[in-house]
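Worth saying up front: this structure is predicted, and the values here are computed from it rather than measured. Computed over heavy atoms, backbone and side chain alike; hydrogens, waters and symmetry mates excluded.
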Amino acid sequence: MSSFPAGTVAWAEDQTNAHEDRPVIILSHKNRPFNAVECTVMCLGTSAKSYDHYSPELTNEHLTGISFNDSTHLMPWALYTIPPAAIHTTREQGNLTEDGIRLAKKALISLFEI
């Protein structure tokens, strides 16, 4: 079984059922108590900008090792606990840069704003 550190950007089965697969950021897996059966991810989307929620765009300065053809946005409201087997280890993977980590943290904190 693969072990994913926080900040890994990968493709996974889409938990929203909007697509077959979708890119996600792994928020918690490697150091989780039940990491053999679960990890927490934040979904990424190409149409998230059209929502009335904070959905910042991930640009090349936020990513290493992976790139997307379309404009890709964080979806901080789309957090899921999925089995690690739902993450496709045969597809391209990358990581958030320090700027990307700051952006993801800001997006998560925005969930607490009223």
Side-chain angles (χ1 to χ4, degrees):
M1 178 189 82
S2 296
S3 182
F4 303 99
T8 300
V9 181
W11 288 87
E13 295 171 18
D14 186 4
Q15 301 303 304
T16 68
N17 294 319
H19 310 281
E20 185 174 326
D21 296 327
R22 89 168 323 127
V24 297
I25 296 172
I26 293 149
L27 300 176
S28 175
H29 177 240
K30 190 174 183 177
N31 298 321
R32 243 185 128 97
F34 303 104
N35 66 2
V37 294
E38 62 185 27
C39 64
T40 302
V41 299
M42 177 193 305
C43 293
L44 303 177
T46 56
S47 61
K49 186 72 171 162
S50 62
Y51 296 120
D52 289 334
H53 298 287
Y54 179 65
S55 55
E57 183 178 359
L58 281 178
T59 63
N60 288 337
E61 71 184 42
H62 301 121
L63 301 166
T64 62
I66 192 169
S67 61
F68 300 106
N69 294 334
D70 297 319
S71 176
T72 303
H73 298 264
L74 296 172
M75 297 171 57
W77 62 89
L79 304 175
Y80 294 92
T81 299
I82 64 172
I87 299 169
H88 302 299
T89 57
T90 57
R91 291 194 67 176
E92 182 182 22
Q93 292 184 11
N95 295 290
L96 292 176
T97 63
E98 289 299 319
D99 286 339
I101 291 169
R102 279 192 291 281
L103 187 67
K105 287 179 180 179
K106 181 178 176 183
L108 288 169
I109 290 169
S110 77
L111 294 174
F112 294 97
E113 293 179 355
I114 298 175

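The shortest heavy-atom contact between Thr72 and Phe68 is OG1-CB, 3.4 Å. Residues Ala107 and Pro76 come closest through the heavy atom pair O-CB, 3.4 Å. The two atoms that bring Ile66 and Glu92 nearest to each other are CA-OE2, 3.3 Å, heavy atoms only.
How far SG of Cys43 is from CD1 of Ile82: 8.0 Å, rounded to the nearest 0.5 Å.
Under the side-chain hydrogen bond (donor to acceptor under 3.5 Å, both in side chains) test applied with His62, the options Thr59, Asn60, Thr64 reduce to a single match, Thr59. Each of Ile101, Thr8, Ile26, Leu103 was compared with Leu96 under the side chain to side chain contact (heavy atoms under 4.5 Å, CB included) criterion, and only Ile101 meets it.
Contact annotation: the side chain of Leu74 approaches that of Leu44 to within less than 4.5 Å [non-hydrogen atoms, C-beta and beyond]. Proximity of Val24 to Phe4: side-chain heavy atoms (C-beta onward) are nowhere separated by under 4.5 Å. Inter-residue side-chain proximity for Val9 and Leu58 is flagged as unmet; no heavy-atom pair is nearer than 4.5 Å.
Neither side chain, Thr81 nor Glu38, offers a donor N or O lying under 3.5 Å from an acceptor on the other.
The salt bridge (Lys or Arg N to Asp or Glu O under 4.0 Å) pairs that include a residue from residues 10-19 are Asp14-Arg22, where partners are two or more places apart or lie in different chains.
Both Leu111 and Leu27 are assigned to one and the same hydrophobic cluster, defined by single-linkage of ILVMFWY side chains at heavy-atom distances under 4.5 Å.
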* Asked: Could you go step by step and tell me if Ile25 and Val41 meet the side chain to side chain contact (heavy atoms under 4.5 Å, CB included) rule?
  -> CA-CA 5 Å; Ile25 296 172; Val41 299; over 6 Å; no
* To do: Test side chain to side chain contact (heavy atoms under 4.5 Å, CB included) on Ile87 and His29 and set out the steps.
  => CA-CA 11 Å; Ile87 299 169; His29 177 240; over 6 Å; no
